[in-house]
Amino acid sequence: MHVPDGFINAPVSLAAGATAAAALAISLRGARRESAAGPATALGPHPESTAPLAGLLAAFVFATQMLNFPVAAGTSGHLLGGALAAILVGPFTGVLCVSVVLLTQSLLFADGGLTALGVNIVLMGVVTVAVAYGVFRALLAVLPRARRSVTAASFAAALISVPASAAAFTLLHAVGGTTDVPTGTVLAAMTGVHTLIGVGEAVITALTVGAVLAVRPDLVHGARGLAPALKLRVGGRLVDATTVTAPGPAASASSSASSSAVSSRRVRLAGLAAALVLAGGVSFYASASPDGLEKVAADHGIDAKVRDHPAAGSPLADYGVADLTDPRLSVGLAGVIGVGATAALGIGLFHLTTRNRRRRRHRRRRPARAPETP
Amino acid sequence: MGGAHRSHHRPGHSPVHTLPAHCKLVAVLCFVLAVACTPRTALWAFGLYALLLAAVAALARVPPGLLARRLLIGVPFTAFALLLPFVVPGEHTTVLGLPLSVPGLWGAWNILAKATLGVTASLLLAATTEPRALLLGLQRLGLPAQLTQIASFMLRYGEVVTDELRRMSVARGSRGFEARGVRQWGVLAKTAGALFIRSYERGERVHLAMASRGYTGSPPALDHPAATRTQWAYAAVLPAAAFTVCLLGVTL
């Protein structure tokens, strides 16, 4: 996975380095907020605990990459850890952990080139974590509030984050690659191979998140809103403990997700499931008759582009398909990934707009009250 | 996997070892940049770069066996480079009956040569510099102190966490567990989960222990003398030579 020196030309490498520096600066600020809002230590939330905690978690990411998962006779793979870090410790601390691991690997172990360090941080730290966390959050917004949804969402997040990182590599390669491989071939080979890797990553990530959830659900950053709000019996009535002590962000989040939200959640879930079934299942069978697909393409004049596709007939393209063993499976998988990415984007936008609207309505209703500090 | 992740540091007292870490960092970075900017058709330039690195290795008394062993560990991208002659379109030439594309061959050479030189330079840096000194050097060069702290915590506890993983593996093995295939992933993932919880809790303990000793977010600064002009001059020899070669390669 590590990009070595000489793969991406110097200007693009430097630009990626600047991007990585900016992302790290943002993450440092965000990580301080995440550790301040984290599960209370014996001392209470402390922003200066960022360094020891993130350091230990970076050591954890580093160590898990040594845990070998046997695939079949002789071969084994290991976790990349971007999605896992994002879900377990939050996106900003996740970016920091993965980037620090990459930095030390490049400096002390000569894994990945020094000039390519920025490229590696952008691809494996920033893109993987951002995509994984985006997909994860978007899925949690539609899935029912249960422990199983967190596991399922982490599966999807890890599954999509790895090919997304490969696609980002293709983009960098198209802009500043030193080789003359056609972009289509790179895209086909990279996403083909990395979709497979993503499946393994997804299984391991989901299993690991599930294992942590079973023991210490409070440590999983992605499952923070999951625990039912603590209730206190005050004068015979159940009252939210958080409203009694101090109004925090958790209180408003849990109250907004009351019974009225359940029905709309069910509708959204059904829609997503239908889309996934159509994309994964139907395209799985549709591609059994490639003539039909080609006919559609010919009718719409798409095949002119397809015939020019540089990936066609190249051994790398064959490699990607051959590795997936079943072309129908690969098409189905691609469909599921496409729906996942689109749904994540759409739900994210939807969430942003509705939140703004809700906030505006909220403000209009209570204009006299000063804004709460979280 | 485990072999690739052991530190390559070889303590010593050679002139390369005694240079301040930040001088060496700048030197290596400039060297690798010069290599990356060299046109691939200047074959002799890459030979000169290799000679420069060999001179540094000899000066630092780094055993060539160490470098060779590390270089042999295949990077996945090497496979990508070796595929290039078969996939790049363009004019073809026949080698041993195989049709190979000429631009593809150039691309493969470009990647292999530059990646090998880059890895060798990084290895020399890692072999002659203490890991902690490298991180302090990075901080001196402007890396945010918080990031250096995270990295040094990672270095300090990396061995501890890895040992924890090893103990868990011994415990699994002594109970008859053998990871044979995908069916065992559940157990291995539980290991990873347990490792996360233990790392997190250790992080909390470390933080509490540090807080009780007066830690407020930054470790006490140790005084490290700045590099003298002579040291900078010594460190600049390698990148200066490399830039000269690069310029010659571009113009010739």
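Since the model is a prediction, treat every value here as computed from it, not as a measurement. Lettering follows sequence order; numbering is per chain, from 1.
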Counting C-beta onward and ignoring hydrogens, is there a side-chain heavy-atom pair between [X] and [Y] closer than 4.5 Å?
X: A:Leu107; Y: B:Ser122; result: no
X: A:Pro52; Y: B:Tyr215; result: yes
X: B:Leu134; Y: A:Thr104; result: no

What option among [options] has the most heavy-atom pairs under 4.5 Å with chain A?
options: B:Val206, B:Leu138, B:Thr148; result: B:Leu138
options: B:Thr162, B:Leu195, B:Leu123; result: B:Leu195
options: B:Arg156, B:Met154, B:Lys114, B:Arg198; result: B:Met154
options: B:Ser152, B:Ala189, B:Gly193; result: B:Ala189
options: B:Ala194, B:Gly118, B:Gly186; result: B:Gly118

With rounding to the nearest 0.5 Å, note down the distance linking [atom1] in [X] to [atom2] in [Y].
X: A:Leu108; Y: B:Leu125; atom1: CG; atom2: CG; result: 8.5 Å
X: B:Phe153; Y: A:Leu57; atom1: CZ; atom2: CG; result: 12.0 Å
X: A:Asp218; Y: B:Tyr200; atom1: CG; atom2: OH; result: 8.0 Å

Considering the options B:Val119, B:Leu33, B:Leu29, which one meets the side chain to side chain contact (heavy atoms under 4.5 Å, CB included) requirement together with A:Leu114? B:Leu29
Which of these, A:Val89, A:Leu56, A:Val61, sits in a side chain to side chain contact (heavy atoms under 4.5 Å, CB included) with B:Phe196?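 So the option named by the test is A:Val89.
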Checking heavy atoms, do the side chain of [X], its backbone, both or neither come under 4.5 Å from chain B?
X: A:Leu88; answer: both
X: A:Leu117; answer: neither
X: A:Ser106; answer: backbone
X: A:Ile204; answer: both
X: A:Leu103; answer: side chain

Tell me, side chain or backbone of [X] under 4.5 Å from chain A's heavy atoms, or both, or neither?
X: B:Leu188; answer: both
X: B:Gln184; answer: neither
X: B:Leu117; answer: neither

Most chain B-contacting option - heavy-atom pairs closer than 4.5 Å, from A:Leu24, A:Val209, A:Thr115: A:Thr115
Give a yes or no on whether A:Arg29 atom CZ has more than 12 heavy-atom contacts from other residues, nucleotides or ligands under 6.0 Å away.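 12 or below, so no.
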Which atoms form the tightest heavy-atom contact between [X] and [Y], and what is the distance?
X: A:Phe60; Y: B:Ser199; value: CB-OG, 3.6 Å
X: A:Ala211; Y: B:Lys190; value: CB-CA, 3.8 Å
X: B:Glu204; Y: A:Leu53; value: N-CD2, 3.9 Å

